[in-house]
Amino acid sequence: MAAIDDYYRPRNVEFAQRVLAQAVAAGRMLQQHPHAGPMIDDDGMRKWRVALTPYILLYRDTGTILRIVRVMHAAQDWQSDLP
């Protein structure tokens with residue numbers, strides 16, 4: 001998130017703030033509904049689109065912890081870059 005903020009803040013502070021706020025909101029929603037995102041690999045990785053932004057969250061739910069593994073621009077080739 002810091003890299004995203006560093007990129008957008010000098011260009012458009014309102015967009016930078018929106019991306020951060022929406023990503024936090026998405027993370028909170030996923031804590032309540034960890035299976036909301038579709039599973040994208042055999043190891044339990046899921047993805048979720050961050051509303052009103054071009055970003056997705058790649059995450060795993062261990063049953064006790066929801067771990068956001070990566071935040072990526074949806075236009076990036078996230079399938080070949082899975083952690």
Side-chain angles (χ1 to χ4, degrees):
M1 289 304 308
I4 294 168
D5 190 66
D6 289 346
Y7 178 81
Y8 284 112
R9 189 160 294 276
R11 292 162 176 80
N12 185 335
V13 71
E14 291 171 1
F15 183 73
Q17 290 170 340
R18 182 174 61 211
V19 169
L20 178 61
Q22 291 295 328
V24 168
R28 288 184 177 145
M29 190 283 302
L30 290 169
Q31 283 181 318
Q32 299 299 314
H33 307 283
H35 297 115
M39 195 169 304
I40 58 173
D41 72 8
D42 294 334
D43 294 324
M45 181 78 70
R46 294 177 179 270
K47 73 173 180 145
W48 187 257
R49 181 74 182 238
V50 179
L52 306 174
T53 77
Y55 288 93
I56 60 171
L57 303 179
L58 301 179
Y59 72 97
R60 283 194 175 96
D61 175 41
T62 67
T64 56
I65 252 182
L66 183 107
R67 182 172 157 235
I68 296 175
V69 176
R70 189 165 293 165
V71 180
M72 296 182 74
H73 195 282
Q76 287 179 274
D77 183 12
W78 55 266
Q79 288 108 338
S80 66
D81 197 32
L82 287 175

Could you measure the distance from the [atom1] atom of [X] to the [atom2] atom of [Y]? Nearest 0.5 Å is fine.
X: Q31; Y: I65; atom1: CD; atom2: CD1; value: 10.0 Å
X: D61; Y: R67; atom1: CG; atom2: CZ; value: 12.5 Å
X: M72; Y: L58; atom1: CE; atom2: CG; value: 6.5 Å
X: Q22; Y: T53; atom1: CD; atom2: OG1; value: 7.0 Å

| said: Counting only heavy atoms from other residues, nucleotides and ligands, does the tally under 6.0 Å from CZ of R11 exceed 12? | reply: yes
| Taking R46 for the side chain and G37 for the main chain, is one N or O donor matched with an acceptor at less than 3.5 Å? |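 Such a contact is found between R46 side chain and G37 backbone.
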| query | Is a side-chain N or O of D41 found less than 3.5 angstrom from the main chain of D43, in a donor-acceptor match? | reply | yes
| task | State, with a plain yes or no, whether a side-chain heavy atom of R18 is found less than 4.5 Å away from one of N12. | result | no
| query | To which residues is L20 joined in a hydrophobic cluster, defined by side-chain heavy-atom contacts under 4.5 Å among Ile, Leu, Val, Met, Phe, Trp and Tyr, whether direct or through other members? | reply | M1, I4, Y7, Y8, F15, V19, V24, M29, L30, W48, V50, Y55, L57, Y59, L66, I68, V71
| What residues join V13 in its hydrophobic cluster, counting side-chain heavy atom gaps under 4.5 Å, either direct or through other members? |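 None; V13 is a cluster of one.
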| Closest non-hydrogen atom pair between R49 and A74, with its separation | NH1-CB, 3.8 Å
